[in-house]
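Below: the structure, in C-alpha coordinates.
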Protein chains: 2
Amino acid sequence: MNRQILVVEDEKPIREMITFVLEQNGFNTIEAEDYEDAKSKIVEPYPDLILLDWMLPGGTGVKLAKTLKQNEYTRSIPIIMLTARADEDDKVKGFDVGVDDYVTKPFSPKELIARIKAVIRRVSPTALEEAIEFHGMKLDPVAHRVSINERALDLGPTEFRLLHFFMTHTERVYSREQLLDNVWGTNVYVEDRTVDVHIRRLRKAIAGEGHEDFIQTVRGSGYRFSGKIKMSL
Amino acid sequence: MNRQILVVEDEKPIREMITFVLEQNGFNTIEAEDYEDAKSKIVEPYPDLILLDWMLPGGTGVKLAKTLKQNEYTRSIPIIMLTARADEDDKVKGFDVGVDDYVTKPFSPKELIARIKAVIRRVSPTALEEAIEFHGMKLDPVAHRVSINERALDLGPTEFRLLHFFMTHTERVYSREQLLDNVWGTNVYVEDRTVDVHIRRLRKAIAGEGHEDFIQTVRGSGYRFSGKIKMSL
DNA sequence: ACTTTTTGTGACAATTTTATTACACGCCTA
DNA sequence: TAGGCGTGTAATAAAATTGTCACAAAAAGT
(Lines give C-alpha, C1' and ligand atoms only; values in the text may rest on other atoms or scores of the structure.)
Protein backbone atom coordinates (compact mmCIF):
# COMPACT_ATOMS: atom_id res chain seq x y z
CA MET A 1 0.00 0.00 0.00
CA ASN A 2 2.93 2.18 -0.68
CA ARG A 3 3.90 4.75 -3.16
CA GLN A 4 3.10 8.14 -4.42
CA ILE A 5 -0.02 9.61 -5.87
CA LEU A 6 -0.05 12.91 -7.70
CA VAL A 7 -3.20 14.91 -7.12
CA VAL A 8 -3.90 17.43 -9.86
CA GLU A 9 -6.76 19.66 -8.80
CA ASP A 10 -7.03 23.42 -8.93
CA GLU A 11 -9.44 23.92 -6.09
CA LYS A 12 -7.33 23.92 -3.00
CA PRO A 13 -9.95 22.73 -0.47
CA ILE A 14 -10.82 19.73 -2.60
CA ARG A 15 -7.20 18.99 -3.26
CA GLU A 16 -6.41 19.06 0.42
CA MET A 17 -9.38 16.95 1.28
CA ILE A 18 -8.19 14.36 -1.19
CA THR A 19 -4.62 14.34 -0.03
CA PHE A 20 -5.83 14.06 3.54
CA VAL A 21 -7.86 11.00 2.70
CA LEU A 22 -5.02 9.46 0.77
CA GLU A 23 -2.50 9.99 3.52
CA GLN A 24 -4.91 8.57 6.02
CA ASN A 25 -4.90 5.47 3.90
CA GLY A 26 -1.19 5.14 3.75
CA PHE A 27 -0.40 6.77 0.44
CA ASN A 28 2.16 9.44 -0.20
CA THR A 29 0.89 12.43 -2.07
CA ILE A 30 2.18 15.17 -4.28
CA GLU A 31 -0.03 18.10 -5.19
CA ALA A 32 -0.31 20.10 -8.34
CA GLU A 33 -2.82 22.81 -9.16
CA ASP A 34 -2.60 23.24 -12.86
CA TYR A 35 -1.26 21.89 -16.11
CA GLU A 36 2.22 23.33 -15.88
CA ASP A 37 2.56 22.55 -12.22
CA ALA A 38 1.55 18.97 -12.86
CA LYS A 39 3.96 18.56 -15.75
CA SER A 40 6.82 19.83 -13.65
CA LYS A 41 6.01 17.20 -11.06
CA ILE A 42 5.77 14.29 -13.40
CA VAL A 43 9.42 13.48 -13.41
CA GLU A 44 11.46 10.61 -12.14
CA PRO A 45 10.72 9.00 -9.87
CA TYR A 46 7.34 8.99 -11.48
CA PRO A 47 4.28 8.90 -9.29
CA ASP A 48 2.57 5.55 -9.15
CA LEU A 49 -0.80 6.98 -10.00
CA ILE A 50 -2.30 10.30 -10.99
CA LEU A 51 -5.62 11.69 -9.81
CA LEU A 52 -6.52 14.22 -12.44
CA ASP A 53 -9.26 16.79 -12.29
CA TRP A 54 -11.25 17.04 -15.46
CA MET A 55 -11.90 20.74 -15.08
CA LEU A 56 -8.48 22.22 -14.87
CA PRO A 57 -8.29 25.92 -15.74
CA GLY A 58 -8.29 26.16 -19.50
CA GLY A 59 -9.76 22.68 -19.80
CA THR A 60 -6.32 21.20 -19.79
CA GLY A 61 -7.18 18.10 -17.83
CA VAL A 62 -7.80 15.93 -20.82
CA LYS A 63 -4.91 17.52 -22.61
CA LEU A 64 -2.61 16.47 -19.82
CA ALA A 65 -3.98 12.96 -19.83
CA LYS A 66 -3.55 12.74 -23.58
CA THR A 67 0.00 14.04 -23.39
CA LEU A 68 0.96 11.59 -20.71
CA LYS A 69 -0.60 8.65 -22.46
CA GLN A 70 1.19 9.47 -25.68
CA ASN A 71 4.56 9.71 -24.08
CA GLU A 72 6.59 6.57 -23.96
CA TYR A 73 7.80 7.03 -20.45
CA THR A 74 4.66 8.25 -18.77
CA ARG A 75 2.24 6.11 -20.71
CA SER A 76 2.21 3.41 -18.09
CA ILE A 77 1.28 5.66 -15.20
CA PRO A 78 -2.34 4.93 -14.32
CA ILE A 79 -4.65 7.93 -14.40
CA ILE A 80 -7.95 8.34 -12.62
CA MET A 81 -10.10 11.21 -13.81
CA LEU A 82 -12.14 13.30 -11.43
CA THR A 83 -15.18 15.05 -12.79
CA ALA A 84 -18.14 16.92 -11.42
CA ARG A 85 -20.29 16.10 -14.38
CA ALA A 86 -21.64 12.62 -14.80
CA ASP A 87 -21.59 13.29 -18.49
CA GLU A 88 -21.29 10.22 -20.64
CA ASP A 89 -19.56 12.08 -23.40
CA ASP A 90 -16.89 13.22 -21.06
CA LYS A 91 -16.38 9.71 -19.88
CA VAL A 92 -15.99 8.44 -23.35
CA LYS A 93 -13.52 11.13 -24.18
CA GLY A 94 -11.64 10.38 -21.03
CA PHE A 95 -11.40 6.70 -21.74
CA ASP A 96 -10.52 7.49 -25.31
CA VAL A 97 -7.28 9.05 -24.25
CA GLY A 98 -6.50 5.99 -22.19
CA VAL A 99 -7.58 7.02 -18.74
CA ASP A 100 -7.78 4.03 -16.42
CA ASP A 101 -10.80 4.92 -14.39
CA TYR A 102 -13.29 7.62 -13.68
CA VAL A 103 -14.61 8.99 -10.42
CA THR A 104 -17.51 11.39 -10.31
CA LYS A 105 -17.62 14.16 -7.76
CA PRO A 106 -18.87 14.14 -5.17
CA PHE A 107 -17.37 10.84 -4.12
CA SER A 108 -16.90 9.18 -0.77
CA PRO A 109 -13.39 8.64 0.56
CA LYS A 110 -14.17 4.97 0.66
CA GLU A 111 -15.03 4.90 -3.00
CA LEU A 112 -11.96 6.84 -3.99
CA ILE A 113 -9.65 4.53 -2.09
CA ALA A 114 -11.40 1.49 -3.51
CA ARG A 115 -10.99 2.74 -7.05
CA ILE A 116 -7.37 3.58 -6.52
CA LYS A 117 -6.60 0.18 -5.13
CA ALA A 118 -8.51 -1.47 -7.92
CA VAL A 119 -6.51 0.37 -10.53
CA ILE A 120 -3.22 -0.34 -8.83
CA ARG A 121 -4.12 -3.97 -8.54
CA ARG A 122 -5.09 -4.11 -12.17
CA VAL A 123 -1.94 -2.46 -13.36
CA SER A 124 0.40 -4.33 -11.09
CA PRO A 125 -1.13 -7.09 -9.04
CA THR A 126 1.98 -7.53 -7.00
CA ALA A 127 2.78 -3.90 -6.34
CA LEU A 128 1.32 -4.07 -2.90
CA GLU A 129 3.52 -6.91 -1.85
CA GLU A 130 6.83 -6.18 -3.47
CA ALA A 131 9.86 -5.81 -1.31
CA ILE A 132 10.84 -2.28 -0.51
CA GLU A 133 14.43 -1.17 -0.55
CA PHE A 134 15.90 1.98 0.84
CA HIS A 135 19.58 2.71 1.23
CA GLY A 136 20.57 -0.86 1.90
CA MET A 137 17.59 -1.63 4.05
CA LYS A 138 15.24 -4.20 2.64
CA LEU A 139 11.76 -4.95 3.86
CA ASP A 140 9.82 -7.85 2.45
CA PRO A 141 6.17 -7.67 3.43
CA VAL A 142 5.46 -11.13 2.08
CA ALA A 143 8.18 -12.98 3.89
CA HIS A 144 7.83 -10.54 6.73
CA ARG A 145 11.53 -9.95 6.87
CA VAL A 146 13.77 -6.99 7.29
CA SER A 147 17.42 -6.86 6.53
CA ILE A 148 19.99 -4.16 6.55
CA ASN A 149 22.98 -4.80 4.33
CA GLU A 150 22.03 -8.47 4.19
CA ARG A 151 21.94 -8.75 7.95
CA ALA A 152 18.56 -9.89 9.21
CA LEU A 153 16.79 -7.86 11.83
CA ASP A 154 14.57 -9.13 14.55
CA LEU A 155 11.62 -6.82 15.00
CA GLY A 156 8.45 -7.12 16.97
CA PRO A 157 5.13 -6.70 15.19
CA THR A 158 4.74 -3.04 15.99
CA GLU A 159 8.31 -2.20 15.15
CA PHE A 160 7.85 -3.98 11.86
CA ARG A 161 4.74 -2.01 11.00
CA LEU A 162 6.40 1.21 12.05
CA LEU A 163 9.42 0.59 9.88
CA HIS A 164 7.16 -0.50 7.05
CA PHE A 165 5.32 2.77 7.28
CA PHE A 166 8.52 4.75 7.35
CA MET A 167 9.96 2.93 4.39
CA THR A 168 6.91 3.76 2.35
CA HIS A 169 6.75 7.31 3.62
CA THR A 170 10.21 8.71 3.59
CA GLU A 171 11.54 12.25 3.65
CA ARG A 172 8.57 13.65 5.43
CA VAL A 173 7.70 14.53 8.98
CA TYR A 174 4.90 12.71 10.74
CA SER A 175 3.44 13.75 14.05
CA ARG A 176 3.01 11.21 16.79
CA GLU A 177 -0.71 11.30 16.16
CA GLN A 178 -0.28 10.59 12.49
CA LEU A 179 2.01 7.72 13.29
CA LEU A 180 -0.50 6.36 15.74
CA ASP A 181 -3.22 6.58 13.13
CA ASN A 182 -1.18 4.91 10.47
CA VAL A 183 0.72 2.29 12.38
CA TRP A 184 -1.50 1.54 15.33
CA GLY A 185 -4.73 2.26 13.51
CA THR A 186 -7.37 4.87 13.94
CA ASN A 187 -9.63 4.74 16.96
CA VAL A 188 -7.12 3.28 19.35
CA TYR A 189 -6.43 5.11 22.53
CA VAL A 190 -2.74 5.16 23.12
CA GLU A 191 -0.55 7.84 24.62
CA ASP A 192 1.40 10.05 22.25
CA ARG A 193 4.61 9.29 24.01
CA THR A 194 4.24 5.61 23.32
CA VAL A 195 5.46 6.45 19.87
CA ASP A 196 8.69 7.71 21.35
CA VAL A 197 9.29 4.41 23.03
CA HIS A 198 8.71 2.47 19.86
CA ILE A 199 10.92 4.84 17.94
CA ARG A 200 13.54 4.13 20.50
CA ARG A 201 13.08 0.39 20.12
CA LEU A 202 13.27 0.61 16.38
CA ARG A 203 16.38 2.74 16.51
CA LYS A 204 17.96 0.22 18.81
CA ALA A 205 16.99 -2.66 16.56
CA ILE A 206 18.50 -1.17 13.44
CA ALA A 207 21.52 0.23 15.22
CA GLY A 208 25.01 -0.82 14.35
CA GLU A 209 25.05 -0.13 10.67
CA GLY A 210 24.76 3.62 10.71
CA HIS A 211 21.16 3.49 9.69
CA GLU A 212 19.89 4.47 13.09
CA ASP A 213 20.28 8.08 12.02
CA PHE A 214 17.64 7.51 9.39
CA ILE A 215 14.98 7.98 12.01
CA GLN A 216 15.20 11.65 12.73
CA THR A 217 13.58 13.65 15.47
CA VAL A 218 11.97 16.88 14.40
CA ARG A 219 11.53 18.79 17.58
CA GLY A 220 8.02 20.00 18.15
CA SER A 221 6.69 18.15 15.11
CA GLY A 222 7.39 14.47 15.16
CA TYR A 223 9.67 12.09 13.34
CA ARG A 224 11.02 11.69 9.86
CA PHE A 225 12.56 8.78 8.05
CA SER A 226 15.21 9.99 5.72
CA GLY A 227 18.21 8.85 3.77
CA LYS A 228 19.80 12.24 4.05
CA ILE A 229 21.43 11.92 7.39
CA LYS A 230 21.74 15.10 9.30
CA MET A 231 25.26 16.31 9.78
CA SER A 232 26.27 17.94 13.00
CA LEU A 233 27.69 21.39 12.56
CA MET B 1 -1.59 -33.19 -5.24
CA ASN B 2 -3.27 -30.65 -3.04
CA ARG B 3 -3.63 -27.94 -5.57
CA GLN B 4 -5.90 -25.01 -5.44
CA ILE B 5 -8.59 -24.50 -7.97
CA LEU B 6 -10.61 -21.36 -8.24
CA VAL B 7 -14.16 -22.00 -9.32
CA VAL B 8 -15.81 -18.98 -10.91
CA GLU B 9 -19.47 -19.71 -11.44
CA ASP B 10 -22.45 -17.58 -10.56
CA GLU B 11 -24.98 -20.33 -10.06
CA LYS B 12 -24.52 -21.51 -6.55
CA PRO B 13 -25.78 -25.09 -6.91
CA ILE B 14 -23.50 -25.76 -9.83
CA ARG B 15 -20.62 -24.10 -8.10
CA GLU B 16 -21.08 -26.21 -5.02
CA MET B 17 -21.48 -29.34 -7.01
CA ILE B 18 -18.20 -28.63 -8.71
CA THR B 19 -16.31 -27.82 -5.54
CA PHE B 20 -17.69 -30.95 -3.96
CA VAL B 21 -16.39 -33.06 -6.80
CA LEU B 22 -13.04 -31.33 -6.72
CA GLU B 23 -12.60 -31.73 -3.00
CA GLN B 24 -13.55 -35.38 -3.29
CA ASN B 25 -10.67 -35.71 -5.66
CA GLY B 26 -8.12 -34.13 -3.45
CA PHE B 27 -8.16 -30.61 -4.72
CA ASN B 28 -8.52 -27.51 -2.64
CA THR B 29 -11.07 -25.07 -3.88
CA ILE B 30 -11.82 -21.39 -3.74
CA GLU B 31 -15.14 -20.07 -4.93
CA ALA B 32 -16.09 -16.88 -6.67
CA GLU B 33 -19.42 -15.89 -8.09
CA ASP B 34 -18.68 -13.00 -10.35
CA TYR B 35 -16.03 -10.98 -12.08
CA GLU B 36 -15.07 -8.76 -9.18
CA ASP B 37 -15.22 -11.55 -6.67
CA ALA B 38 -12.95 -13.62 -8.85
CA LYS B 39 -10.45 -10.83 -9.33
CA SER B 40 -10.21 -10.25 -5.62
CA LYS B 41 -9.39 -13.91 -5.15
CA ILE B 42 -6.71 -14.10 -7.76
CA VAL B 43 -3.87 -13.01 -5.56
CA GLU B 44 -0.80 -14.71 -4.26
CA PRO B 45 -0.61 -17.50 -3.70
CA TYR B 46 -2.25 -17.82 -7.04
CA PRO B 47 -4.57 -20.74 -7.60
CA ASP B 48 -3.10 -23.53 -9.66
CA LEU B 49 -5.98 -23.56 -12.06
CA ILE B 50 -9.15 -21.62 -12.75
CA LEU B 51 -12.48 -23.10 -13.72
CA LEU B 52 -14.29 -20.25 -15.36
CA ASP B 53 -17.91 -20.09 -16.31
CA TRP B 54 -18.49 -18.67 -19.74
CA MET B 55 -21.75 -17.05 -18.82
CA LEU B 56 -20.93 -14.83 -15.93
CA PRO B 57 -23.37 -12.00 -15.27
CA GLY B 58 -22.59 -9.28 -17.76
CA GLY B 59 -20.78 -11.70 -20.00
CA THR B 60 -17.58 -11.04 -18.14
CA GLY B 61 -16.25 -14.58 -18.28
CA VAL B 62 -14.21 -14.02 -21.39
CA LYS B 63 -13.26 -10.60 -20.18
CA LEU B 64 -11.76 -12.11 -17.06
CA ALA B 65 -9.89 -14.71 -19.05
CA LYS B 66 -8.54 -12.06 -21.34
CA THR B 67 -7.45 -9.87 -18.47
CA LEU B 68 -5.67 -12.71 -16.75
CA LYS B 69 -3.93 -13.86 -19.86
CA GLN B 70 -2.67 -10.40 -20.59
CA ASN B 71 -1.19 -9.89 -17.19
CA GLU B 72 2.38 -10.91 -16.67
CA TYR B 73 1.81 -12.55 -13.32
CA THR B 74 -1.43 -14.37 -13.96
CA ARG B 75 -0.74 -15.35 -17.54
CA SER B 76 0.60 -18.71 -16.58
CA ILE B 77 -2.41 -19.82 -14.59
CA PRO B 78 -4.24 -22.43 -16.63
CA ILE B 79 -7.88 -21.67 -17.33
CA ILE B 80 -10.61 -24.13 -18.18
CA MET B 81 -13.78 -22.62 -19.57
CA LEU B 82 -17.18 -23.99 -18.67
CA THR B 83 -19.99 -23.41 -21.08
CA ALA B 84 -23.55 -24.56 -21.48
CA ARG B 85 -23.52 -23.99 -25.19
CA ALA B 86 -21.65 -26.32 -27.43
CA ASP B 87 -21.15 -23.40 -29.70
CA GLU B 88 -18.12 -23.66 -31.90
CA ASP B 89 -17.77 -19.93 -32.22
CA ASP B 90 -17.60 -19.49 -28.51
CA LYS B 91 -14.97 -22.13 -28.25
CA VAL B 92 -12.85 -20.45 -30.81
CA LYS B 93 -13.16 -17.15 -29.06
CA GLY B 94 -12.25 -18.80 -25.83
CA PHE B 95 -9.12 -20.31 -27.24
CA ASP B 96 -8.33 -17.00 -28.81
CA VAL B 97 -7.83 -15.37 -25.46
CA GLY B 98 -5.57 -18.20 -24.44
CA VAL B 99 -7.86 -20.47 -22.49
CA ASP B 100 -6.31 -23.88 -21.96
CA ASP B 101 -9.30 -26.12 -22.31
CA TYR B 102 -13.02 -26.21 -22.66
CA VAL B 103 -15.62 -28.28 -20.87
CA THR B 104 -19.19 -28.28 -22.03
CA LYS B 105 -22.02 -28.50 -19.56
CA PRO B 106 -23.39 -30.86 -18.63
CA PHE B 107 -20.28 -32.81 -17.86
CA SER B 108 -19.55 -35.80 -15.68
CA PRO B 109 -17.35 -35.41 -12.63
CA LYS B 110 -15.04 -37.92 -14.14
CA GLU B 111 -14.64 -35.89 -17.28
CA LEU B 112 -14.02 -32.71 -15.35
CA ILE B 113 -11.34 -34.28 -13.22
CA ALA B 114 -9.75 -35.83 -16.25
CA ARG B 115 -9.60 -32.52 -18.06
CA ILE B 116 -8.16 -30.77 -15.06
CA LYS B 117 -5.44 -33.32 -14.63
CA ALA B 118 -4.72 -33.22 -18.31
CA VAL B 119 -4.27 -29.49 -18.28
CA ILE B 120 -2.13 -29.54 -15.20
CA ARG B 121 -0.03 -32.29 -16.69
CA ARG B 122 0.36 -30.36 -19.90
CA VAL B 123 1.28 -27.13 -18.18
CA SER B 124 3.59 -28.71 -15.71
CA PRO B 125 4.17 -32.30 -16.69
CA THR B 126 5.58 -33.45 -13.43
CA ALA B 127 3.76 -31.18 -11.04
CA LEU B 128 1.35 -33.81 -9.88
CA GLU B 129 3.86 -36.44 -9.12
CA GLU B 130 7.33 -35.11 -8.90
CA ALA B 131 9.12 -35.17 -5.61
CA ILE B 132 9.94 -31.88 -4.05
CA GLU B 133 13.28 -31.21 -2.50
CA PHE B 134 14.24 -28.44 -0.18
CA HIS B 135 17.47 -28.24 1.74
CA GLY B 136 17.86 -31.95 2.15
CA MET B 137 14.23 -32.62 2.80
CA LYS B 138 12.52 -34.69 0.19
CA LEU B 139 8.80 -35.11 -0.22
CA ASP B 140 7.26 -37.52 -2.66
CA PRO B 141 3.59 -36.75 -3.23
CA VAL B 142 2.94 -40.01 -5.03
CA ALA B 143 4.59 -42.38 -2.61
CA HIS B 144 3.42 -40.18 0.21
CA ARG B 145 6.83 -40.28 1.77
CA VAL B 146 9.03 -37.72 3.38
CA SER B 147 12.67 -38.04 4.14
CA ILE B 148 15.20 -35.73 5.58
CA ASN B 149 18.79 -36.45 4.68
CA GLU B 150 17.74 -39.93 3.58
CA ARG B 151 16.11 -40.66 6.90
CA ALA B 152 12.42 -41.44 6.50
CA LEU B 153 9.88 -39.53 8.52
CA ASP B 154 6.64 -40.79 9.91
CA LEU B 155 3.94 -38.20 9.41
CA GLY B 156 0.21 -38.29 9.84
CA PRO B 157 -1.98 -37.25 6.92
CA THR B 158 -2.48 -33.70 8.12
CA GLU B 159 1.16 -33.23 8.97
CA PHE B 160 2.01 -34.49 5.52
CA ARG B 161 -0.30 -32.04 3.82
CA LEU B 162 0.98 -29.23 5.99
CA LEU B 163 4.56 -29.99 5.17
CA HIS B 164 3.67 -30.39 1.53
CA PHE B 165 2.08 -27.00 1.51
CA PHE B 166 5.08 -25.48 3.20
CA MET B 167 7.50 -27.10 0.82
CA THR B 168 5.63 -25.69 -2.12
CA HIS B 169 5.20 -22.28 -0.49
CA THR B 170 8.43 -21.32 1.15
CA GLU B 171 9.82 -17.99 2.27
CA ARG B 172 6.48 -16.49 2.95
CA VAL B 173 4.33 -15.91 5.98
CA TYR B 174 0.95 -17.57 6.20
CA SER B 175 -1.64 -16.76 8.77
CA ARG B 176 -3.34 -19.56 10.61
CA GLU B 177 -6.44 -18.89 8.58
CA GLN B 178 -4.58 -19.17 5.32
CA LEU B 179 -3.06 -22.41 6.44
CA LEU B 180 -6.45 -23.73 7.39
CA ASP B 181 -7.80 -22.77 4.00
CA ASN B 182 -4.94 -24.34 2.14
CA VAL B 183 -4.21 -27.44 4.14
CA TRP B 184 -7.52 -28.26 5.72
CA GLY B 185 -9.60 -26.81 2.93
CA THR B 186 -12.00 -23.94 2.71
CA ASN B 187 -15.34 -24.14 4.46
CA VAL B 188 -14.19 -26.31 7.30
CA TYR B 189 -14.78 -25.11 10.79
CA VAL B 190 -11.64 -25.59 12.79
CA GLU B 191 -10.13 -23.45 15.50
CA ASP B 192 -7.19 -21.23 14.64
CA ARG B 193 -5.17 -22.70 17.43
CA THR B 194 -5.40 -26.13 15.95
CA VAL B 195 -2.78 -25.00 13.50
CA ASP B 196 -0.40 -24.40 16.38
CA VAL B 197 -0.79 -27.94 17.55
CA HIS B 198 -0.10 -29.35 14.13
CA ILE B 199 2.86 -27.08 13.72
CA ARG B 200 4.10 -28.46 16.96
CA ARG B 201 3.59 -32.03 15.81
CA LEU B 202 5.33 -31.34 12.55
CA ARG B 203 8.23 -29.67 14.28
CA LYS B 204 8.56 -32.61 16.58
CA ALA B 205 8.44 -35.02 13.68
CA ILE B 206 11.19 -33.36 11.71
CA ALA B 207 13.29 -32.59 14.75
CA GLY B 208 16.74 -33.95 15.18
CA GLU B 209 18.35 -32.86 11.99
CA GLY B 210 18.35 -29.13 12.50
CA HIS B 211 15.49 -28.71 10.11
CA GLU B 212 13.00 -27.97 12.83
CA ASP B 213 14.07 -24.35 12.58
CA PHE B 214 12.70 -24.26 9.08
CA ILE B 215 9.24 -23.79 10.50
CA GLN B 216 9.42 -20.31 11.87
CA THR B 217 6.97 -18.47 14.03
CA VAL B 218 6.24 -14.93 12.97
CA ARG B 219 4.67 -13.40 15.98
CA GLY B 220 1.40 -11.69 15.31
CA SER B 221 1.26 -12.98 11.74
CA GLY B 222 1.56 -16.70 11.44
CA TYR B 223 4.19 -19.15 10.31
CA ARG B 224 6.84 -19.28 7.65
CA PHE B 225 8.76 -22.14 6.11
CA SER B 226 12.19 -21.02 5.25
CA GLY B 227 15.65 -22.27 4.54
CA LYS B 228 17.18 -19.20 6.06
CA ILE B 229 17.29 -20.18 9.64
CA LYS B 230 17.20 -17.38 12.08
CA MET B 231 20.40 -16.85 13.96
CA SER B 232 20.30 -15.90 17.57
CA LEU B 233 22.65 -13.15 18.58
C1' DA C 1 22.57 30.71 34.02
C1' DC C 2 18.05 29.33 35.04
C1' DT C 3 13.53 27.70 33.78
C1' DT C 4 10.46 25.39 30.79
C1' DT C 5 9.40 22.28 27.27
C1' DT C 6 10.35 18.37 24.63
C1' DT C 7 12.56 14.03 23.80
C1' DG C 8 15.46 9.86 25.17
C1' DT C 9 15.89 5.80 28.21
C1' DG C 10 15.41 1.99 31.19
C1' DA C 11 12.35 -0.58 33.99
C1' DC C 12 8.09 -2.99 34.81
C1' DA C 13 3.58 -4.98 35.02
C1' DA C 14 -0.23 -6.17 32.21
C1' DT C 15 -1.61 -8.14 28.25
C1' DT C 16 -1.28 -10.83 24.25
C1' DT C 17 0.46 -14.51 21.74
C1' DT C 18 2.50 -18.91 21.23
C1' DA C 19 4.18 -23.53 23.02
C1' DT C 20 3.13 -27.61 25.22
C1' DT C 21 0.52 -31.05 27.37
C1' DA C 22 -3.48 -33.71 28.19
C1' DC C 23 -7.57 -35.65 26.85
C1' DA C 24 -11.78 -37.20 24.50
C1' DC C 25 -13.90 -38.50 20.37
C1' DG C 26 -14.34 -40.81 15.99
C1' DC C 27 -12.61 -44.14 12.79
C1' DC C 28 -10.40 -48.09 11.34
C1' DT C 29 -8.78 -52.68 11.88
C1' DA C 30 -8.09 -56.82 14.00
C1' DT D 1 -15.82 -54.61 20.53
C1' DA D 2 -11.18 -53.54 22.18
C1' DG D 3 -7.15 -51.19 20.92
C1' DG D 4 -4.57 -48.06 18.17
C1' DC D 5 -4.23 -43.80 15.49
C1' DG D 6 -5.06 -39.29 14.19
C1' DT D 7 -7.44 -35.00 15.25
C1' DG D 8 -9.44 -31.13 17.31
C1' DT D 9 -10.03 -28.55 21.58
C1' DA D 10 -9.34 -26.99 26.04
C1' DA D 11 -6.27 -26.07 29.84
C1' DT D 12 -1.96 -24.51 31.37
C1' DA D 13 2.78 -22.94 30.95
C1' DA D 14 6.02 -20.10 28.83
C1' DA D 15 7.50 -16.28 26.18
C1' DA D 16 7.29 -12.13 23.87
C1' DT D 17 5.29 -7.70 23.27
C1' DT D 18 3.35 -3.50 24.64
C1' DG D 19 1.87 0.75 26.94
C1' DT D 20 3.15 3.79 30.77
C1' DC D 21 5.78 5.85 34.14
C1' DA D 22 9.65 8.08 36.32
C1' DC D 23 13.59 10.26 35.55
C1' DA D 24 17.66 11.76 32.69
C1' DA D 25 19.17 14.46 28.89
C1' DA D 26 18.75 17.88 25.51
C1' DA D 27 16.94 21.95 23.43
C1' DA D 28 14.63 26.22 23.51
C1' DG D 29 13.29 30.31 25.69
C1' DT D 30 14.15 34.30 29.06
Side-chain angles (χ1 to χ4, degrees), chain A residues 144 146 152-166 173-208 212-226 230-233, chain B residues 144 146 153-165 173-208 212-225 230 232-233:
Chain A
H144 217 274
V146 188
L153 297 190
D154 185 29
L155 301 181
T158 306
E159 289 150 47
F160 184 87
R161 289 200 306 277
L162 182 57
L163 180 59
H164 189 341
F165 178 80
F166 273 138
V173 179
Y174 291 92
S175 70
R176 286 163 234 273
E177 281 199 9
Q178 286 177 306
L179 289 172
L180 284 178
D181 281 352
N182 283 291
V183 177
W184 276 253
T186 335
N187 50 35
V188 279
Y189 165 62
V190 177
E191 292 290 322
D192 271 20
R193 295 299 310 283
T194 298
V195 174
D196 295 38
V197 177
H198 280 273
I199 289 280
R200 151 78 171 147
R201 286 169 182 160
L202 186 52
R203 275 176 173 155
K204 204 176 195 174
I206 70 179
E212 57 269 29
D213 294 325
F214 279 33
I215 304 174
Q216 298 166 358
T217 303
V218 181
R219 200 156 241 266
S221 300
Y223 296 94
R224 171 181 53 210
F225 193 77
S226 166
K230 187 170 114 194
M231 291 295 168
S232 52
L233 309 178
Chain B
H144 228 262
V146 190
L153 297 189
D154 182 31
L155 300 182
T158 306
E159 289 150 49
F160 183 86
R161 289 201 308 277
L162 181 57
L163 180 59
H164 186 229
F165 177 78
V173 176
Y174 291 93
S175 69
R176 285 162 236 274
E177 282 199 8
Q178 287 177 307
L179 290 172
L180 284 177
D181 282 352
N182 284 290
V183 177
W184 276 254
T186 335
N187 49 35
V188 279
Y189 165 62
V190 176
E191 291 291 320
D192 269 21
R193 294 274 143 217
T194 298
V195 174
D196 295 40
V197 177
H198 280 273
I199 289 279
R200 150 86 169 139
R201 287 169 181 159
L202 185 52
R203 273 176 174 155
K204 205 175 194 175
I206 69 179
E212 58 269 29
D213 294 325
F214 279 33
I215 303 174
Q216 298 165 359
T217 303
V218 180
R219 211 151 233 270
S221 298
Y223 296 95
R224 171 181 55 208
F225 194 78
K230 185 172 118 193
S232 53
L233 308 179

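Small disclaimer: the values here were computed from a predicted structure and weren't measured. Every chain is numbered from 1, with letters handed out A, B, ... down the list of sequences. Computed from heavy atoms alone, side chains included, the values below leave out hydrogens, waters and symmetry copies.
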What is the distance, to the nearest angstrom, from the CG atom on A:Asp196 to the P atom on C:dT7?
7 Å

Between the side chains of B:Thr158 and B:His198, does any donor sit under 3.5 Å from an acceptor?
no

Aromatic rings A:Phe225 and A:Phe214: how do their planes relate, parallel, tilted or perpendicular, breaks at 30° and 60°?
perpendicular

If every non-hydrogen atom of B:Ala205 is compared with every non-hydrogen atom of B:Glu159, which pair is closest and at what distance?
CB-OE1, 4.4 Å

N/O (side chain, B:Tyr223) to phosphate O (OP1/OP2, C:dT17) under 4.0 Å
no

Correct closest heavy-atom pair for A:Arg176 and A:Asp192 would be CD-O, 3.7 Å

Between B:Leu179 (CG) and C:dT18 (C1'), how many Å, whole number?
14 Å

Can you measure B:Arg203 atom CZ to C:dT18 atom P for me and round it to whole angstrom units?
11 Å

Length of the line joining A:Glu191:CD and C:dC12:P, which is rounded to integer Å
21 Å

5′-ward residue of the pair B:Lys204/A:Lys204 relative to DNA chain C
A:Lys204

Please state how far atom CG in B:Leu180 lies from atom C1' in D:dT9, giving the value in whole angstrom units.
13 Å

Distance-minimising heavy-atom pair for B:Leu180 and B:Glu191
CD1-O, 3.9 Å

Please tell me which of the listed nucleotides, C:dT17, C:dA11, C:dT7, lies nearest to the side chain of A:Arg193?
C:dT7

Does a side-chain N or O of A:Thr217 approach OP1 or OP2 of C:dT6 to a distance below 4.0 Å, or not?
no

Compare the minimum distances between each of D:dG19, C:dA19, D:dT17 and the side chain of A:Pro157, then state the nucleotide with the smallest one.
D:dT17

Which whole-number value in Å describes the distance from A:Gln216 CD to C:dG8 C1'?
16 Å

Residue A:Val197, side-chain atoms from C-beta onward, closest of D:dG8, C:dT17, D:dT20:
D:dT20

Which one, D:dG8, C:dT6, D:dT9, comes nearest to the side chain of B:Trp184?
D:dG8

For the side chain of B:Glu159, counting heavy atoms from C-beta on, which of D:dT9, C:dA19, D:dT7 is nearest?
D:dT7

Counting any heavy atom closer than 4.0 Å, what does A:Phe160 reach on the DNA or RNA strands: base, sugar-phosphate only, or nothing?
nothing

Contact class for B:Thr194 (heavy atom, under 4.0 Å): base, sugar-phosphate, or nothing?
base

Would you tell me if any nitrogen or oxygen in the side chain of A:Thr158 comes within less than 4.0 Å of OP1 or OP2 on D:dT18?
yes

Is a donor-acceptor pair below 3.5 Å formed from side chain B:Arg219 to base C:dT17, judging by atom type as modelled?
yes

Taken to the nearest whole Å, CG/A:Asp192 to P/D:dT20 is 10 Å

Select one nucleotide: of D:dT20, D:dG19, C:dT7, the one nearest the side-chain heavy atoms of A:Arg176.
C:dT7

Taking the inter-plane angle between the rings of A:His164 and A:Phe160 on a 0 to 90° scale, is it parallel (under 30°), tilted (30 to 60°) or perpendicular (over 60°)?
perpendicular

In whole angstroms, the gap separating P of C:dT20 from NE2 of B:His198 amounts to 15 Å

Ignoring hydrogens and geometry beyond distance, is the side chain of A:Arg201 in donor-acceptor contact with the base of D:dG19 at under 3.5 Å?
yes

